[in-house]
Amino acid sequence: MSAYPSPAGPASAPSASGLGANLVTLAGIGLVGYGLMFLIRNFTGFIELGLTPEHVGGTPEQIRAFSPHLYNYISHLQVAVSGFIIAVGVAVIALAWRGIRTGQRWALWTAFLVPVIGVGVALPLHYVYGFATMGHLGLIYLDAAILLVGTVLARRALAR
């Protein structure tokens, strides 16, 4: 038996709240997966998924030859960002699994707002600098849609 009581009772069928929590959990898993892809890509291809050397002004080898320090700086930023994406994903999973499932509205809004704030800060410059390719942002758009649908379903169920 869980340390957290089920708001619908022990013998209830899967509810919209449960489905919403599952979708929010899936969005968190998506963030962890994206962060891991981002991390691996740093060491295997350097240029982020969905971008080309034309987008960033050179191949990884050209960037390294131009300035090894700049290459290392970009690499360190990519690793740091991937760590934050993974951490946000883990937090969303925990909030969905242990908070939303038990009817905690604060957990629902926290699981929704934290990634929205992160994407809201990160996304605009993608458009300004010409990095807003579907190959680069498509997975984040998909993850955001899953998070939104899960949040709406869970919110509706918690409002009852």
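Atom CG of residue Leu108 and atom CZ of residue Arg105 lie 9.0 Å apart, to the nearest 0.5 angstrom. Atom CD1 of residue Ile47 and atom NE2 of residue His136 lie 11.5 Å apart, to the nearest 0.5 angstrom. Between Ile117 atom CD1 and Phe112 atom CZ the span is 10.0 Å, to the nearest 0.5 Å. For the atom pair CG (Leu77) and CG (Asn42), the distance works out to 9.5 Å, reported to the nearest 0.5 Å.
Put simply, the side chain of Thr59 does not reach to within 4.5 Å of the side chain of Phe46, judged on heavy atoms. Between Leu139 and Met37, some side-chain heavy-atom pair lies under the 4.5 Å cut-off. Between Leu123 and Leu137, the closest side-chain pair of non-hydrogen atoms falls below 4.5 Å. The shortest side-chain heavy-atom distance between Leu158 and Arg155 does not fall under the 4.5 Å cut-off.
Relative ring orientation between Tyr73 and His76 is described as tilted, the plane-to-plane angle lying within the 30° to 60° band. Aromatic ring pairs are classed by plane angle as parallel below 30°, tilted from 30° to 60° and perpendicular above 60°; the pair Phe38 and Tyr34 is tilted.
Taking both residues in full, the closest heavy atoms of Gly45 and Pro60 are given as O-CG, 3.5 Å, listed atom of the first, atom of the second, then distance. Smallest separation of non-hydrogen atoms from Ala96 and Ala21: CB-O, 3.6 Å. Of all heavy-atom pairs between Ser82 and Gly35, the closest is CB-O, 3.3 Å. Looking at every heavy atom in both residues, Leu147 comes nearest to Pro115 through CD2-CG, 3.8 Å. Taking all atoms of both residues into account, the shortest heavy-atom contact from Ile93 to Thr25 is CG1-O, 3.8 Å. Looking at every heavy atom in both residues, Gly150 comes nearest to Val24 through C-CG2, 3.7 Å.
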**OP:** Begin with the C-alpha distance, continue with both residues' side-chain angles, and end with the deciding distance and a verdict on side-chain contact (heavy atoms from CB on, under 4.5 Å) for Ile86 and Leu31.
**Re:** CA-CA 6 Å; Ile86 293 166; Leu31 287 170; over 6 Å; no
**OP:** Could you walk me through whether Val32 and Leu36 pass the side-chain contact (heavy atoms from CB on, under 4.5 Å) test, one step at a time?
**Re:** CA-CA 6 Å; Val32 170; Leu36 288 170; 4.0 Å; yes
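With hydrogens and angles ignored, the 3.5 Å screen pairs no side-chain donor or acceptor of His126 with any backbone N or O of Phe131. A donor-acceptor pair is defined here as one N or O able to donate and one able to accept, closer than 3.5 Å; no such pair exists between the side chain of Gln78 and the backbone of Ser75. Distance alone, capped at 3.5 Å, is enough to place a donor-acceptor pair between the His55 side chain and the Thr52 backbone.
Linking ILVMFWY residues whenever their side-chain heavy atoms come closer than 4.5 Å, directly or via other members, leaves Leu95 and Leu153 in distinct clusters. Taking hydrophobic clusters as Ile, Leu, Val, Met, Phe, Trp and Tyr residues chained together by side-chain heavy-atom distances below 4.5 Å, Tyr141 shares a cluster with Val81. Cluster annotation: Ile140 and Val116 are assigned to the same hydrophobic cluster (Ile/Leu/Val/Met/Phe/Trp/Tyr, side-chain heavy-atom contacts under 4.5 Å, transitive). Transitive grouping of hydrophobic side chains (ILVMFWY, heavy atoms separated by less than 4.5 Å) brings Phe66 and Ile63 into a common cluster. Under the 4.5 Å side-chain heavy-atom criterion for ILVMFWY residues, a single connected hydrophobic cluster contains both Val114 and Val152.
Within a 6.0 Å radius of OH in Tyr129, no more than 12 heavy atoms belonging to other residues, nucleotides or ligands are found. More than 12 non-hydrogen atoms from other residues, nucleotides or ligands lie less than 6.0 angstrom from CZ of Arg41.
Both tests hold for Arg101 against Trp97: distance to the six-membered ring centre under 6.0 Å, angle to the ring axis within 45°.
Residues meeting the side-chain hydrogen bond (donor to acceptor under 3.5 Å, both in side chains) test with Tyr71, sequence neighbours left out: Arg64.
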